[in-house]
Engineer: 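My questions will all concern the structure given below.
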Number of protein chains: 2
Amino acid sequence: MAQGHSDNLLFLTDEQLRRAIEAMFFAYRGFTADPDRILAEMNYGRAHHRAIHFIHRSPGTTVNNLLAILGVTKQSLNRVLRTLVEDGLVDSRVGQRDRRERHLYLTERGDALERELSDAQRARMRAAFREAGPTAVAGFREVLEHMMDPELRRHFAVAKEGDR
Amino acid sequence: MAQGHSDNLLFLTDEQLRRAIEAMFFAYRGFTADPDRILAEMNYGRAHHRAIHFIHRSPGTTVNNLLAILGVTKQSLNRVLRTLVEDGLVDSRVGQRDRRERHLYLTERGDALERELSDAQRARMRAAFREAGPTAVAGFREVLEHMMDPELRRHFAVAKEGDR
DNA sequence: CTTGGAATGTCAACAAGACTGACGTAGTTT
DNA sequence: AAACTACGTCAGTCTTGTTGACATTCCAAG
């Protein structure tokens with residue numbers, strides 16, 4: 001709506017956008033660097049982190065739910081889940097209502113790893129937020145939401161309302 | 001829960017940070033989705049995109065420079081570069097001053113692909129920026145910069161000064 | 001000048017983690 | 001009873017990261 005501002009014309013130049021694209025690339029690397037270091041020590045990868053994160057967020061979620069959120073194939077997810085269950089970090093329980101489903105929970109050890117990983121990730125995020133200030137943070141989140149695929153964004157908006 | 005308080009204690013809760021972490025994850029997926037589709041059609045991957053992007057940004061850059069920016073091993077980068085050179089998208093010229101170095105340039109076809117990829121990526125970025133507004137964009141970039149590793153951030157700051 | 005070391009880049013082999021396709025099994029729905 | 005759904009698995013491929021070994025080139029110390 002605020003069209004016509006000379007600001008607006010400048011601020012959408014390809015050059016500015018190119019810089020933003022690079023910033024996104026570099027920032028994402030920073031974003032994953034700390035958890036990656038922890039995971040590498042125990043022969044896990046980012047895929048394990050993602051599974052652990054979303055099981056933590058939604059305990060009792062099913063394999064199919066996780067599949068939809070992570071956007072990978074079941075074969076790919078299964079490989080990761082199998083190792084996590086074998087290593088005693090995730091508990092997979094047959095559904096009561098529908099016994100075809102497997103409901104996933106973190107064990108105590110799974111929860112401990114989740115905390116270790118997200119503490120590291122949050123520490124960096126918190127530092128960046130503090131340095132940038134509240135206004136910048138609001139803008140940051142606003143732009144991120146608009147960058148998601150629309151479907152995921154709805155998913156995300158629901159999650160924001162609180163955890164059910 | 002009461003929204004609207006931008007006071008520093010509330011705004012740094014672990015719950016808020018967790019949401020920001022997920023937003024970052026989902027947004028990055030959106031960020032790469034469009035180029036990924038184009039690349040998949042021609043049997044390339046994200047690694048090819050990154051190489052093309054940074055060669056475009058700094059024509060004549062050496063393999064070592066690229067290595068430092070991309071943060072991968074030279075062997076990994078080399079595989080990508082080899083296919084790009086074979087396919088006639090990148091030109092690799094032996095250095096004049098130091099003949100150990102290879103200076104990298106995009107060919108016309110390489111430039112065409114670069115434009116196709118970055119057009120797609122910029123389109124989404126531009127849309128997100130427009131919807132979020134200038135203030136949000138400023139905050140977005142501010143936070144991103146603080147999220148990078150310090151060394152990369154300096155690198156980035158230099159690039160911002162203009163492409164001398 | 002020669003020689004040894006450092007810098008640069010290439011080749012080979014391997015692993016993680018994504019993918020597709022096919023199939024099996026149990027449970028649910030029609 | 002038949003069809004569909006949820007999950008798991010086997011087999012094979014691809015991208016992209018890793019190490020290790022090696023060739024070439026440059027430079028500096030003896």
Side-chain angles (χ1 to χ4, degrees), chain A residues 25 28-29 32-33 35-53 55 60-87 90-105, chain B residues 25 28-29 32-33 35-55 60-87 90-105 117:
Chain A
F25 169 64
Y28 195 77
R29 215 162 53 190
T32 55
D36 280 356
R37 263 188 291 275
I38 296 169
L39 290 157
E41 282 171 19
M42 42 186 46
N43 286 319
Y44 284 153
R46 243 175 247 181
H48 299 84
H49 185 186
R50 292 196 282 262
I52 287 172
H53 175 97
I55 294 172
T61 190
T62 64
V63 174
N64 247 1
N65 281 343
L66 217 46
L67 244 37
I69 290 176
L70 295 176
V72 297
T73 58
K74 61 176 177 177
Q75 294 91 330
S76 197
L77 175 58
N78 190 254
R79 191 189 323 110
V80 168
L81 282 181
R82 192 168 49 220
T83 67
L84 289 176
V85 169
E86 279 171 7
D87 296 352
V90 166
D91 196 10
S92 168
R93 306 184 201 153
V94 172
Q96 296 171 328
R97 212 190 56 229
D98 185 335
R99 296 186 30 190
R100 291 170 302 181
E101 294 178 340
R102 298 299 130 88
H103 296 271
L104 305 168
Y105 301 87
Chain B
F25 170 65
Y28 195 77
R29 217 162 51 189
T32 55
D36 280 355
R37 265 188 291 274
I38 295 169
L39 291 158
E41 282 172 18
M42 41 185 48
N43 287 317
Y44 285 154
R46 244 176 246 180
H48 298 84
H49 185 185
R50 292 197 281 262
I52 288 172
H53 174 96
F54 285 105
I55 294 172
T61 189
T62 63
V63 174
N64 241 6
N65 282 341
L66 220 46
L67 244 37
I69 291 175
L70 295 176
V72 297
T73 57
K74 58 182 177 173
Q75 294 90 331
S76 193
L77 175 58
N78 189 256
R79 191 190 317 107
V80 169
L81 283 179
R82 191 169 51 221
T83 68
L84 290 175
V85 169
E86 279 169 7
D87 296 352
V90 166
D91 195 10
S92 167
R93 306 185 200 152
V94 173
Q96 297 171 325
R97 213 192 55 230
D98 185 336
R99 295 182 33 191
R100 290 171 301 182
E101 294 178 341
R102 300 297 129 91
H103 296 269
L104 304 167
Y105 301 87
L117 292 169

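Naming: A, B, ... by sequence-line order, numbering from 1 per chain. Please read these numbers as outputs of a predicted model, since none were measured by experiment.
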Engineer: Can you identify which nucleotide, out of C:dA18, D:dT9, D:dT16, has its nearest atom closest to the A:V72 side chain?
Structural biologist: C:dA18

Engineer: So if I take every side-chain heavy atom of B:R82 and compare against C:dT8, D:dG8, C:dC11, which nucleotide ends up nearest?
Structural biologist: C:dC11

Engineer: Is there a donor and acceptor pair, one atom on the side chain of B:R79 and one on the base of D:dG17, closer than 3.5 Å?
Structural biologist: yes

Engineer: Please produce a list of atom pairs where a protein N or O lies less than 3.5 Å from an N or O of nucleotides 27-30 of chain C.
Structural biologist:
from   : atom 1 : to     : atom 2 : distance (Å)
C:dG27 : OP1    : A:R99  : NH2    : 2.7
C:dG27 : N2     : A:R100 : NH1    : 2.9
C:dT28 : OP1    : A:R97  : O      : 3.4
C:dT28 : OP1    : A:R99  : N      : 3.2

Engineer: Can you classify the ring geometry of B:F54 versus A:F25 as parallel (below 30°), tilted (30 to 60°) or perpendicular (above 60°)?
Structural biologist: tilted

Engineer: Quick one: is C:dA7 close enough that its OP1 or OP2 comes under 4.0 Å of any side-chain N or O from B:N64?
Structural biologist: no

Engineer: Is there a donor on the side chain of B:Q75 or the base of D:dG20 sitting less than 3.5 Å from an acceptor on the other?
Structural biologist: yes

Engineer: Kindly say if A:H48 contacts the phosphate of C:dA16, meaning a side-chain N or O under 4.0 Å from OP1 or OP2.
Structural biologist: no

Engineer: Within the 4.5 Å heavy-atom criterion, are B:R102 and B:V94 side-chain neighbours or not?
Structural biologist: yes

Engineer: Between B:R50 and D:dG17, does any side-chain N or O lie under 4.0 Å from OP1 or OP2?
Structural biologist: yes

Engineer: Spell out, as yes or no, whether a donor-acceptor pair under 3.5 Å connects the side chain of B:R46 to the backbone of B:P35.
Structural biologist: no

Engineer: Is it the case that over 12 heavy atoms from other parts of the model lie below 6.0 angstrom from the CD atom of B:Q96?
Structural biologist: no

